[in-house]
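The structure appears right after this line, and notes come after that.
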There are 2 protein chains.
Amino acid sequence: MPTHYNGTQEEILALDSYIKLSRAADSINSRLSNSPSMQELTISQFGVLEALVHLGPLCQNVLGSKILKSNSNMTTVIDNLEKRGLVKRERNSEDRRMITIHLTKEGKEIIETVLPQHVAAIKSQFEVLTQEEQIQLGNLLRKLGRQG
Amino acid sequence: MPTHYNGTQEEILALDSYIKLSRAADSINSRLSNSPSMQELTISQFGVLEALVHLGPLCQNVLGSKILKSNSNMTTVIDNLEKRGLVKRERNSEDRRMITIHLTKEGKEIIETVLPQHVAAIKSQFEVLTQEEQIQLGNLLRKLGRQG
DNA sequence: ATCAAACTATTTGATATCGAAATATTATCA
DNA sequence: TGATAATATTTCGATATCAAATAGTTTGAT
């Protein structure tokens with residue numbers, strides 16, 4: 001994150017935007033994951049539970065793509081959720097390469113408690129912006145994310 | 001990252017903004033760190049070299065704050081840079097709690113090669129936005145990062 | 001029908017990062 | 001001076017990533 005670069009005006013503007021983007025994302029994520037409402041869930045664990053409660057039982061590689069995390073990490077994420085009794089693995093009997101992940105009753109309860117709090121936390125983070133501004137921001141960010 | 005939440009309009013807008021923010025930051029960072037110009041440097045290693053070349057020799061905890069990473073990680077980051085011969089540690093003789101990190105000749109050469117390429121990569125990422133839009137984006141992000 | 005090669009899903013291994021606790025050194029002040 | 005506080009760095013344990021290895025399934029030539 002170059003903070004002392006002598007360059008053209010275009011370069012400096014882009015650098016500045018990049019630094020602000022990184023800082024904003026980092027600080028929002030850190031505020032969210034340190035929030036007590038997260039119940040000791042990591043962002044990945046949260047994402048898995050959230051996907052399961054809305055989409056039903058899923059196999060690992062689908063879960064991986066839903067939460068935008070690497071598939072090789074799903075093994076650990078699910079290991080840890082399983083240790084806490086929040087999900088259950090079941091080897092698919094038709095295609096034995098797949099393992100289907102199911103929410104347990106405890107997992108369902110946790111995510112149904114945590115999710116609304118998490119959403120409220122996000123909403124409160126974004127309340128420094130008006131709705132207009134949030135829409136504006138979303139449009140700018142979409143361009144950057146697409147392929148920029 | 002809740003993608004299927006039924007909530008109020010305000011909640012959905014905030015969620016949507018949050019998802020776009022995360023995606024934009026992730027995809028830009030991943031494009032930058034996979035770029036061949038990075039010469040096998042991690043983002044942290046790059047940040048350390050960049051701070052050293054612009055600010056001169058620094059001790060670990062200052063470096064940590066400059067690159068916005070946890071201080072406990074600096075030990076490893078500097079270990080690895082030292083293994084590659086890009087920096088050198090020197091225990092401060094006046095206050096022996098401190099270790100001052102110096103760029104070596106090789107380190108200086110590498111960062112002076114990589115930095116302009118990195119800046120160019122960032123500039124090109126942001127070229128999907130006009131300068132006006134980048135300024136607008138910067139202003140919105142600053143509000144979010146500040147304390148949101 | 002069969003079985004090797006290609007394909008897909010998951011796990012393992014190496015490394016990076018983080019937070020909290022441990023260690024090393026120095027500063028303070030009773 | 002010596003006990004205690006303060007600061008700098010390292011270590012430890014956990015989680016995340018990527019690439020390579022492993023396990024299981026499908027395909028297609030024979």
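Below, each value reflects all heavy atoms present in this structure, side chains not excepted, and no hydrogens, waters or symmetry copies. In what follows, chains are A, B, ... by sequence order, proteins preceding strands, each numbered from 1.
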| task | Evaluate side chain to side chain contact (heavy atoms under 4.5 Å, CB included) for A:V62 paired with A:L55, printing each intermediate quantity in order. | result | CA-CA 11 Å; A:V62 174; A:L55 305 175; over 6 Å; no
Let me know the distance between [atom1] of [X] and [atom2] of [N], rounded to the nearest Å.
X	N	atom1	atom2	value
A:R89	C:dA9	CZ	P	16 Å
A:N73	C:dA14	CG	C1'	14 Å
B:R84	C:dT15	CZ	P	14 Å
A:N29	C:dT17	CG	C1'	15 Å
B:M38	C:dA16	CE	C1'	13 Å
B:M74	C:dA20	CE	P	19 Å
A:D79	C:dT10	CG	P	13 Å
B:K69	C:dA16	NZ	C1'	9 Å

| query | Checking B:D16 side chain against B:I12 main chain: does a donor-acceptor pair fall under 3.5 Å? | reply |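 No, the answer is negative, given that no donor and acceptor are paired below the 3.5 Å cut-off.
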| Can any side-chain N or O of A:E82 pair as donor or acceptor with the backbone N or O of A:D79 at less than 3.5 Å? | no
| field | side chain to side chain donor-acceptor pair (under 3.5 Å) between B:T42 and B:S44, worked out | value | CA-CA 5 Å; B:T42 67; B:S44 296; 4.7 Å; no
| Given that A:N80 and A:S93 both sit by DNA chain D, which one's nearest nucleotide is further toward the 5' end? | A:N80
| task | Between B:Q60 and A:V77, just flag the one whose closest nucleotide in DNA chain D comes earlier from the 5' side. | result |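 Per heavy-atom nearest nucleotide, the more 5' residue is B:Q60.
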| message | Just N and O in the side chain of B:T76: are any of them under 4.0 Å from OP1 or OP2 of C:dT17? | response |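 For B:T76, the contact criterion (side-chain N or O under 4.0 Å from OP1 or OP2 of C:dT17) is not met.
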| To the side chain of A:T75, which of C:dT10, C:dC7, C:dA27 is closest? |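 That would be C:dT10.
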| query | Could you state the interatomic distance from CD1 (A:I99) to CG (A:N92), rounded to the nearest 0.5 Å? | reply |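 Answer for the CD1-CG pair, A:I99 versus A:N92, is 10.0 Å.
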| message | Students often get this wrong, so: under 4.0 angstrom with heavy atoms, is B:S72 touching a base, only sugar-phosphate, or nothing? | response | base
| request: Check A:R91 against A:R96 and note the closest heavy-atom contact, atom names and distance. | output: NH1-O, 2.6 Å
| field | Comparing A:D95 and A:N34 on DNA chain C - which has the more 5′ nearest nucleotide | value |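 Nearest-nucleotide comparison on DNA chain C picks A:D95.
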| field | Start and end of chain B contact along DNA chain D [non-hydrogen atoms, under 4.0 Å] | value |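 With heavy atoms of chain B under 4.0 Å away, the range is D:dA6 to D:dT11.
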| query | Cut-off 3.5 Å, side chains only: do A:T104 and A:E106 have a donor facing an acceptor? | reply |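 Their side chains do contain a donor-acceptor pair, which is all the 3.5 Å distance test asks for.
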